[in-house]
Visitor: 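First the structure, which I've put down as structure tokens, then a few questions once you've had a look.
Source: prediction; values computed, not measured. Basis for what follows: all heavy atoms, side chains included, without hydrogens, waters or symmetry-related copies.
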Amino acid sequence: MEPNLNAFEWNPITNQNEVDELNELFCDFNQAIFVDLKYFSADQVDFEVPGDTSEESHCYIKFQSFDPRIADNKNRNEIVMKFTGIRQLGVMSGKLNKGNLVGVNFSQGEDGSIMLEIYNNDQNLDENLSGQTPPSFICADTVGWNYDFGDDIK
């Protein structure tokens with residue numbers, strides 16, 4: 001499926017197939033960096049962003065890839081994910097305090113919520129986290145993504 005490229009519309013992630021499609025388009029987050037996170041409370045009303053709403057807590061997470069397959073394609077090497085209806089959010093810094101990713105893990109709760117875990121630096125997807133920094137994570141009601149077309153979408 002070809003993603004929607006309209007800057008103010010989001011490609012929803014509602015099932016494992018859509019997760020797999022995003023992973024394929026973004027080279028499995030290989031050589032990616034967790035660049036930016038912006039959180040907006042449902043009570044915040046002093047900003048206006050076209051196509052955005054402050055009716056629910058939401059946040060934007062930006063990733064940039066340095067994978068050689070897409071690194072030079074300025075239209076496809078950065079993505080933004082929009083999480084709406086934030087239930088939990090935790091940002092952790094690894095020992096090296098850099099945003100380089102080891103990997104990401106998507107899962108869906110029995111209640112339909114979406115969980116994203118972001119592993120970086122000293123973290124490992126497959127091992128017990130004993131002695132390691134836990135992953136950054138976000139759990140929300142919905143999530144969508146699009147390529148980053150500039151700061152006007154976040």
Visitor: Let me confirm one number: the OG-CD1 distance from Ser65 to Ile70, rounded to the nearest 0.5 Å.
Guide: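 Nearest 0.5 Å value for the OG-CD1 distance: 3.5 Å.
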Visitor: Where do Gln108 and Asn15 come nearest, in terms of heavy atoms and distance?
Guide: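 Between these two residues, the closest heavy atoms are OE1-CA, 4.2 Å.
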Visitor: Taking C-beta and beyond as the side chain, do Tyr60 and Phe40 meet within less than 4.5 Å on heavy atoms?
Guide: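 Tyr60 reaches Phe40 side chain to side chain.
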Visitor: Determine the minimum heavy-atom distance between Phe26 and Gln64, stating which atoms define it.
Guide: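 Scanning both residues, the minimum pair turns out to be CZ-C, 4.0 Å.
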Visitor: Determine whether a donor-acceptor pair (N or O, by modelled atom type, separation under 3.5 Å) exists between the side chain of Asn146 and the backbone of Glu9.
Guide: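 Yes; judged by distance alone, with no hydrogens or angles, the pair exists.
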Visitor: At what distance, to the nearest 0.5 angstrom, does CE of Met115 lie from OG of Ser107?
Guide: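 OG of Ser107 is found 6.0 Å from CE of Met115.
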Visitor: Determine yes or no for a side-chain-to-main-chain donor-acceptor pair under 3.5 angstrom, with Asp148 supplying the side chain and Val80 the backbone.
Guide: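 No, the answer is negative, given that no donor and acceptor are paired below the 3.5 Å cut-off.
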Visitor: Would you confirm whether Asn23, through its side chain, and Asp28, through its main-chain N or O, come within 3.5 Å as a donor-acceptor pair?
Guide: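 No.
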Visitor: Would you tell me whether Asn105 and Glu117 have side-chain atoms, one donor and one acceptor, within less than 3.5 Å of each other?
Guide: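 Side chains of Asn105 and Glu117: pair found under 3.5 Å.
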Visitor: Contact between Phe63 and Leu101 at the side-chain level, heavy atoms closer than 4.5 Å - yes or no?
Guide: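 With C-beta onward as the side chain, the pair touches.
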Visitor: Do you know the tightest heavy-atom contact between His58 and Thr84?
Guide: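 That closest heavy-atom pairing would be CB-CA, 3.9 Å.
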Visitor: Picking from Leu37, Asp36, Ile79, what satisfies side chain to side chain contact (heavy atoms under 4.5 Å, CB included) with Lys62?
Guide: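 Among Leu37, Asp36, Ile79, the one meeting side chain to side chain contact (heavy atoms under 4.5 Å, CB included) with Lys62 is Asp36.
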Visitor: How about Gln16 and Asp20: does a side-chain donor come under 3.5 Å of a side-chain acceptor?
Guide: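 Looking only at side-chain atoms, Asp20 and Gln16 do form a donor-acceptor pair, the distance falling under 3.5 Å.
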Visitor: Closest heavy-atom contact between Leu116 and Met81?
Guide: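 Scanning both residues completely, I find the closest heavy atoms to be CD2-SD, 4.2 Å.
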Visitor: Go through the steps for Thr142 and Trp10 under the test side chain to side chain contact (heavy atoms under 4.5 Å, CB included), then give the verdict.
Guide: CA-CA 11 Å; Thr142 63; Trp10 300 94; over 6 Å; no
Visitor: Side chain to side chain contact (heavy atoms under 4.5 Å, CB included), that's the test. Do Lys82 and Val143 meet it? Break it down for me.
Guide: CA-CA 5 Å; Lys82 179 182 181 182; Val143 62; over 6 Å; no
Visitor: Determine whether Tyr39 and Ser57 make a side-chain contact, defined as any pair of heavy atoms from C-beta on separated by less than 4.5 Å.
Guide: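 Result yes, sub-4.5 Å side-chain heavy-atom pair found.
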Visitor: Looking only at non-hydrogen atoms, find the nearest pair between Ile13 and Ile114 and report the distance.
Guide: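 The pair with the smallest heavy-atom distance is O-CD1, 3.7 Å.
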Visitor: Which heavy atom of Met92 sits nearest a heavy atom of Pro135, and at what distance?
Guide: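 Heavy atoms only, the tightest pair is CG-O, 3.5 Å.
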Visitor: Any side-chain heavy atom of Leu25 sitting closer than 4.5 Å to one from Trp145?
Guide: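 Leu25 reaches Trp145 side chain to side chain.
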Visitor: Once rounded to the nearest 0.5 Å, what's the spacing between atom CD of Glu21 and atom CG of Asn11?
Guide: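 So the gap between those two atoms works out to 9.5 Å.
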Visitor: Just so I know, are the side chains of Ile61 and Ile138 near enough to count as touching, which here means a heavy-atom distance under 4.5 Å?
Guide: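 Yes, at least one pair of side-chain atoms sits under 4.5 Å.
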Visitor: Answer yes or no: is there a side-chain heavy-atom contact under 4.5 Å between Gln31 and Pro68?
Guide: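 Yes, close enough: below the 4.5 Å cut-off.
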Visitor: Would you check if Ser136 and Phe34 make a side-chain contact, meaning some heavy-atom pair closer than 4.5 Å?
Guide: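 Yes - at least one pair of side-chain heavy atoms lies under 4.5 Å apart.
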Visitor: Is there a donor-acceptor contact under 3.5 Å from the side chain of Asp111 to the main chain of Ser113?
Guide: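 Present.
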Visitor: Side chains of Phe137 and Ile118: does their closest heavy-atom pair fall under 4.5 Å?
Guide: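 No. Closest side-chain heavy atoms not under 4.5 Å.
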